[in-house]
Structure formats: C-alpha cells, structure tokens
Amino acid sequence: MEQEQLRHWIEVAAGRAEADAVLKNAGYVNVFSGEVLHGDIAIADGRVVGIGTYRGRVEYNLTGRVVCPGFVDAHIHLESSLAAPAAFVRATLRHGTAAVVADPHEIANVLGTGGIEYMLQATEGLPMDVYFMLPSCVPATPLDEAGAVLDAADIAPFYEHPRVLGLAEMMNAFGVVQADEAVLAKLAGARGRIDGHAPGLSGPALCACTAAGIASDHECSTLDEALEKLRRGQYILIREGTAARNLAALAPLLTPQYAHRCAFCTDDKHPSDLLELGHMDYICRRAVQDFGVDPVLAVRCASLSAAQYFGLRHTGAVAPGYWADLAVVDNLQDFRVEQVFRRGRLLFDHGQLADFPAPKPDAALEARARDTFRLPPLTAADFQARKPLGVLGLVPGEIITTDNGMAAAADPDRDILKIAVIERHRGTGHIGLGYVQGYGLRRGAVATSVAHDSHNLIVVGAGDEEMAFAANQVITRRGGIVVADGGAVTGAVTLELAGLMSAQPLEALNAALEAAKAAAYAQGVCRGIDPFMTLSFLSLPVIPQLRVTTRGVLDAARQAYL
C-alpha cells in the first residue's frame, strides 16, 4: 500500500480526519470476541479503519440495526445457479454475500481450460469477490467422459491468477487412496488450500486423504462422519444447498467446541432458492431459528471461518483493517438484509440494488460456450435395453443413492423408470442405460444437459419414444431442460452457455424453471425432490452407491460397472 494511504487511514482512525463514510450508532457482530457491540463504524478507502465515535462526509444512522461482516460462501459452483455470473451476483449481493469461493469444474468439464478462463473473465470487476479453486477432477474419474481431460500441467498456469486460492474438491478419493500418479501430480502441484469431496470416507482411507493435504470436506451427511473428519484435522464445510441439505444433521457441530473448524457453504443453489429463500443469510436464519445456534457463532461460520480457512486476510470481520463489505440486518433472528455495503459503498438499500455492468468474455470464448453439442438426432431405438440393468434408488434430501437391484423394463406403476446418459461432447455415440426408482414420473420424460460433472445429456422417462423426443428438444436448444409428454414440450428452460447457464435475468430464468418444475410435478415427479437438480446428480460417478454414465450403471464405491 502507498505510504500516504496508510497515513490517511491512521488519521481517520485516530479521529484527526473525517472518514469517507460512517455507520452511526450501529450494533455490530464481533466475530473475534463472540459479542454484539455498539459504536460508529468509520470507513476510509473501502476499509473499516475505526470503531468508536467518528464523523464522516456521509453518515448513515443505523440505530436498532446490526452490522454483520459480508457473508462468504466457502464452496459453490456458480454454474448450478443456471445463470451467468453477473446475474448470480445480482441475486446474492442483496442477501449480504461479499465473497464466494467457486469451483468452475462444471464448465471445465464442457470446455476444458477455456471454461476456467471464461469464468475468470465473466467475474472480473463484479461488485463481489469471486475467488476460484482449480478443478481437480475433469472428468470426475477416468471412467467418465467429459468434454476435456485436464491434468496437472493444464491447470498449473492458473495458480498465478490473484483470484485462484487452491485446488478444488478432490472427488477422486479412490485415486488418492490408491496413490494414482495423475492424482498425486495434481496434489503435489497445488498451491494454497486443497478441498476434499469424500462422502462416507473413514478410517485409514480418510487418514490417507488428510495426509495428502486435503484440508476440508463438504460432503458429510451425518454427525459421526463430520466428527471423524474434523478430528483428523479437516475443516467441515456445512452445506445447505438445493439438492443436498446437511445443516440439520451437522447443527450439533455449531458449538464453541467445534465451530472454529466449520464454515457454511451452499455447493449448488437453484434460482428459486436464491430469489425466495436467500443465500448465506438463509443458512444463518435456519441455524438460529430451527436449531438454536448462537447467532454470533452462525455469523462467524458464514464469514470469518471461510475467510481464515482460505487465507483471506482482510475479509470476514467488522474490524479496523478489514474490507468494508458489510451486511446490515434487522436483527439476529430473522437476518433480513436491509443494506449492503461493498468496499464502503452502499450498493443495496431497502430493496433497491445499484446497477453494474456484466463483464464480457472475449468473443472467441463466448462463441465456444454457445456451441457445445456434437449429437445427431436420437430415436427410440437408441434407448432400447437388451438385458436387465441396475436400479438406482433415490434417497430423499440427499444426493447419495441405494442399490435397488436389477430391472428388465420401465414400470411407472412401480416407480421404475428408464434413465439414459448420452455423450454430447465428442460425438462418440455412447449411451449408458439404467433404471431409477424414487423419482415418481408417471408419464412422459425429463431431459437436461446439466448432468454432473461431465454434463452429458441425461434423460429419464416412462417410454423410449418420450425419452428420444425430450432429448432431441434439448439438442435443438443447444442446451437446457425439457419436460415432455405425449410428443409435446410441457416445460422448457434454455441454457445456451455451455448447456449449463442462461444469459437471461435470474427472474425470467426462474419463471421458466418453475413452470418446468410444475410440469414435471404434474406428470408425477415426487414433490419432495427438485426434479432437475436431483436428476443432474444421478450421473456423478463419485457419489455412492449407484450412478449411471455414458457407459452404463456404475458402482461408485468400487468404481466398477455392473
């Protein structure tokens, strides 16, 4: 920093000079001492420089309100909002989010290193700190087929970018434990933190991953699992997203004994949740109202904990020297965000969000992102099964599945539906088939190009003709979600950016998405699940028990096809 700037901060902090802005008479959450304190908050050059009694060129009277540090999402895939990054920021900034740590492995599975570069460019200069962890598993395992294969050398140059904080979730825990050479190269070459992704991992295998430098996990679904990982030195990123919600199971960790090793994250958030429920403010609200968590501790887990884990020295607290990224809430029970300051500038004020431009990736990247399908039209014959196939059993509220045996045909009356994953990136013609139970669809089909993590085309249906029709409608749109019934589209969302995101405003995108959900529910999809996000995870080959990929039904625990 410049010496004169430092002098200015000292002068303002000492009360000898006027602040740029002062939040007067504020209650504020002190995440260091665990208290709610009171005072004027003085801001200079975008930072908090003093707390006490101050005067400023601009003053805001916050009597009766509470200032929280801007919230930090410790792990998210921006692509899962289905919106371009600027639209995501517009939706979450109003909820007090100051920073997110994103893993761009969704778009990297489609566009390779071009996808990482696209997201870096599309987030440059936004009024939120968008940090990135580099994708560690593209594809998630060698058994899957993605649009690219990224090795340690491919991702290494991106560590030089100032917004890259480390290596993202190492989903190939099997490869870590087996000391796979390609996995070891990525771990050894990592700079910064290494995040984990190892649902159910325990015992010596967990020790192997922790010894390899994997420092966190966001996949814990039981308290015992989380405690074992915490005791082995990992940070627990407590996830409360759209498809996976673990706060209820892990809320007992939110005590002084354990919470210093916990942070909040969302992982995946659909538009309706962002618009109707909120973001990190929603997790704080649920923690306090539903599970009796100390509000100050909840705020710490939603701010400073993630900042400290990732080494963000000036983020996550209301204190001198920290960025003036602040969320003003009505109280510490409801967490209704009334104002949001970004670097000391008021950007959200009682429902009104300041406008800001959306960054534009370069033309070549944009063109690549809009042309990601290498598929001819499909026919019912492409979905014919010639032998009995494995049945994936859905688990309500989770993204894990059970092994429900074998089936020889779809039987909607018994809630057994055919599921297919069609390779869309390279024109291989590979189509993997299986069955799924617990989805509930009674007629028609649902298809989407959002299929974690390789994002091939996934479709589930009551009949082969319906499946072919729905899949072809997604191909025609160059990406998206389609619900079909009787040879007609009953709901659709176009996702023209890599088959993952839309350039529409989030409100318009959400309207189309909710209409498509209504169509899916009308056709029988179980009301307790998200029809599209649940479907999108059924191809993720690192989540137990069974998955379906372009090559068929996979036993994820054994990493072997049935």
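Quantities reported herein were computed from a predicted structural model and do not represent experimental measurements.
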Checklist entry - Which heavy atom in Leu433 sits nearest to a heavy atom in Val553, and how many Å separate them? => result O-CG2, 3.5 Å

Checklist entry - Is the shortest heavy-atom distance from the side chain of Asp103 to the side chain of His75 under 4.5 Å? => result yes

Next on the checklist: Assess the residue pair Tyr28 and Leu326 against the criterion (side-chain contact (heavy atoms from CB on, under 4.5 Å)); give the C-alpha distance rounded to whole Å, side-chain angles, the decisive distance to 0.1 Å, and a yes or no.
Outcome noted: CA-CA 10 Å; Tyr28 70 95; Leu326 308 168; over 6 Å; no

Checklist entry - Is it true that a side-chain atom of Asp334 and a backbone atom of Arg336 form a donor plus acceptor pair closer than 3.5 Å? => result no

Item to check | Side-chain donor or acceptor of Arg300 paired with backbone N/O of Gly34 under 3.5 Å | outcome: no

Checklist entry - Have Gln234 and Asp217 got a donor and an acceptor in their side chains that come within less than 3.5 Å? => result no

Next on the checklist: Please enumerate all residues that pass side-chain contact (heavy atoms from CB on, under 4.5 Å) together with Ser454, with sequence neighbours excluded.
Outcome noted: Asn109, Pro139, Asp144, Ala146, Asn456

Next on the checklist: Is any side-chain heavy atom of Thr92 closer than 4.5 Å to one of Phe71?
Outcome noted: no

Next on the checklist: Side chains of Gln121 and Pro359, heavy atoms from C-beta outward: is any pair under 4.5 Å?
Outcome noted: no

Item to check | Closest non-hydrogen atom pair between Leu457 and Thr448, with its separation | outcome: CD1-O, 3.5 Å

Checklist entry - Is there side-chain contact between Arg231 and Tyr258, with heavy atoms separated by less than 4.5 Å? => result yes

Next on the checklist: Under 3.5 Å, is there a donor on one side chain and an acceptor on the other for Asn246 and Glu240?
Outcome noted: no

Checklist entry - Side-chain contact, heavy-atom cut-off 4.5 Å: Phe537 with Ile543? => result no

Next on the checklist: Just to verify, what does Val72 make a side-chain contact (heavy atoms from CB on, under 4.5 Å) with, not counting sequence neighbours?
Outcome noted: Ala99, Ala306, Thr315

Checklist entry - Does the side chain of Tyr435 come within less than 4.5 Å of Asn404's, by heavy atoms? => result no

Item to check | Gap separating the CG atom of Asp555 from the CG atom of Asp403, nearest 0.5 angstrom | outcome: 7.0 Å

Checklist entry - Among pairs that include at least one residue of residues 117-143, which meet salt bridge (charged side-chain N to carboxylate O under 4.0 Å, His left out), considering only residues two or more places apart or in two chains? => result Glu124-Arg163, Asp129-Arg342, Asp129-Arg343

Item to check | From Ile419 atom CD1 to Arg547 atom CZ, the distance as rounded to the nearest 0.5 Å | outcome: 9.5 Å

Checklist entry - Got a second to check how far Glu219's CD is from Leu201's CG, nearest 0.5 Å? => result 11.5 Å

Checklist entry - Can you pull the ring-ring contact (aromatic ring centres under 6.0 Å, His included) pairs that have at least one residue in residues 99-143, sequence neighbours excluded? => result His77-His105

Next on the checklist: Between Ser303 and Val31, is the side-chain contact (heavy atoms from CB on, under 4.5 Å) condition met? List the steps.
Outcome noted: CA-CA 9 Å; Ser303 55; Val31 291; 4.0 Å; yes

Item to check | Residues that Ser449 engages under side chain to side chain donor-acceptor pair (under 3.5 Å), provided they are two or more places apart | outcome: none

Checklist outcome for this item: Here the gap from Leu392 atom CG to Leu417 atom CG, rounded to the nearest 0.5 Å, amounts to 11.5 Å

Checklist entry - Would you say Ser81's side chain and Leu78's backbone share a donor-acceptor pair under 3.5 angstrom? => result yes

Checklist entry - Closest approach of Leu247 and Ala287, non-hydrogen atoms and distance? => result CD2-N, 3.9 Å

Checklist entry - Does any donor atom in the side chain of His279 or Thr97 lie under 3.5 Å from an acceptor atom in the other side chain? => result yes

Checklist entry - Roughly how far, to the nearest 0.5 Å, is CG of Leu312 from OH of Tyr322? => result 10.5 Å

Next on the checklist: Show, in sequence, the C-alpha distance, side-chain angles and deciding distance for Leu167 and Tyr159, and conclude whether the side-chain contact (heavy atoms from CB on, under 4.5 Å) test is met.
Outcome noted: CA-CA 9 Å; Leu167 187 66; Tyr159 284 116; 3.5 Å; yes

Checklist entry - Is it true that a side-chain atom of Thr401 and a backbone atom of Leu546 form a donor plus acceptor pair closer than 3.5 Å? => result yes

Checklist entry - Would you say Ile458 and Leu535 make side-chain contact, with heavy atoms under 4.5 Å? => result yes

Next on the checklist: Ser202: which residues meet the side chain to side chain donor-acceptor pair (under 3.5 Å) condition with it, sequence neighbours left out?
Outcome noted: Glu228

Checklist entry - Distance-only, no hydrogens or angles: does the Thr534 side chain make a donor-acceptor pair with backbone N or O of Pro531 under 3.5 Å? => result no

Checklist entry - side-chain contact (heavy atoms from CB on, under 4.5 Å) with Leu277: which residues, sequence neighbours excluded? => result Asp273, Tyr282

Next on the checklist: I'd like to know if Arg426 and Glu145 make a salt bridge, using a cut-off of under 4.0 Å between side-chain N and carboxylate O.
Outcome noted: no

Next on the checklist: side-chain contact (heavy atoms from CB on, under 4.5 Å) for Leu538 and Leu394? Distances and angles first, verdict last.
Outcome noted: CA-CA 9 Å; Leu538 295 182; Leu394 300 188; 3.4 Å; yes

Item to check | Pairs satisfying salt bridge (charged side-chain N to carboxylate O under 4.0 Å, His left out), at least one member in residues 71-82, at least two apart | outcome: none

Next on the checklist: Is it the case that the side chain of Ser136 and the backbone of Ala168 share a donor-acceptor pair, with hydrogens and angles ignored and the cut-off at 3.5 Å?
Outcome noted: yes

Checklist entry - Backbone N or O of Gln437 within a donor-acceptor pair of the Asp415 side chain at under 3.5 Å? => result no

Checklist entry - Within the side chain of Glu225, is there an N or O that forms a donor-acceptor pair under 3.5 Å with the backbone of Gly200? => result yes

Checklist entry - Do you know which two heavy atoms are closest between Ala148 and Ala108, and how far apart they sit? => result CB-O, 4.0 Å

Item to check | For Arg193, all residues meeting side-chain contact (heavy atoms from CB on, under 4.5 Å), sequence neighbours excluded | outcome: Met133, Ala215, Tyr235, Tyr309, Phe310

Item to check | Chi angles and distances behind the side-chain hydrogen bond (donor to acceptor under 3.5 Å, both in side chains) call for Ser216, Asp195 | outcome: CA-CA 5 Å; Ser216 72; Asp195 281 343; 2.8 Å; yes

Checklist entry - Ser80 side chain to Lys269 main-chain N or O, any donor-acceptor pair under 3.5 Å? => result no

Next on the checklist: If the condition is side chain to side chain donor-acceptor pair (under 3.5 Å), which residues does Gln559 pass it with, not counting sequence neighbours?
Outcome noted: Thr141

Checklist entry - Does a side-chain heavy-atom distance below 4.5 Å link Val29 with Pro295? => result no

Item to check | CG on Leu227 to CD1 on Ile236, rounded to 0.5 Å | outcome: 8.0 Å

Next on the checklist: Give me the atom names and distance for the closest heavy-atom approach of Val293 to Val288.
Outcome noted: O-CG2, 3.6 Å

Item to check | Residue list, salt bridge (Lys or Arg N to Asp or Glu O under 4.0 Å) with Arg191, at least two apart or on another chain | outcome: Glu160

Checklist entry - Which heavy-atom pair separates Gly196 from Ile214 by the least distance, and what is that distance? => result CA-CG2, 3.3 Å

Checklist outcome for this item: Applying salt bridge (Lys or Arg N to Asp or Glu O under 4.0 Å) to Lys186 and not counting sequence neighbours gives none

Item to check | Any donor-acceptor N/O pair, Gln545 side chain to Ile400 backbone, under 3.5 Å | outcome: no

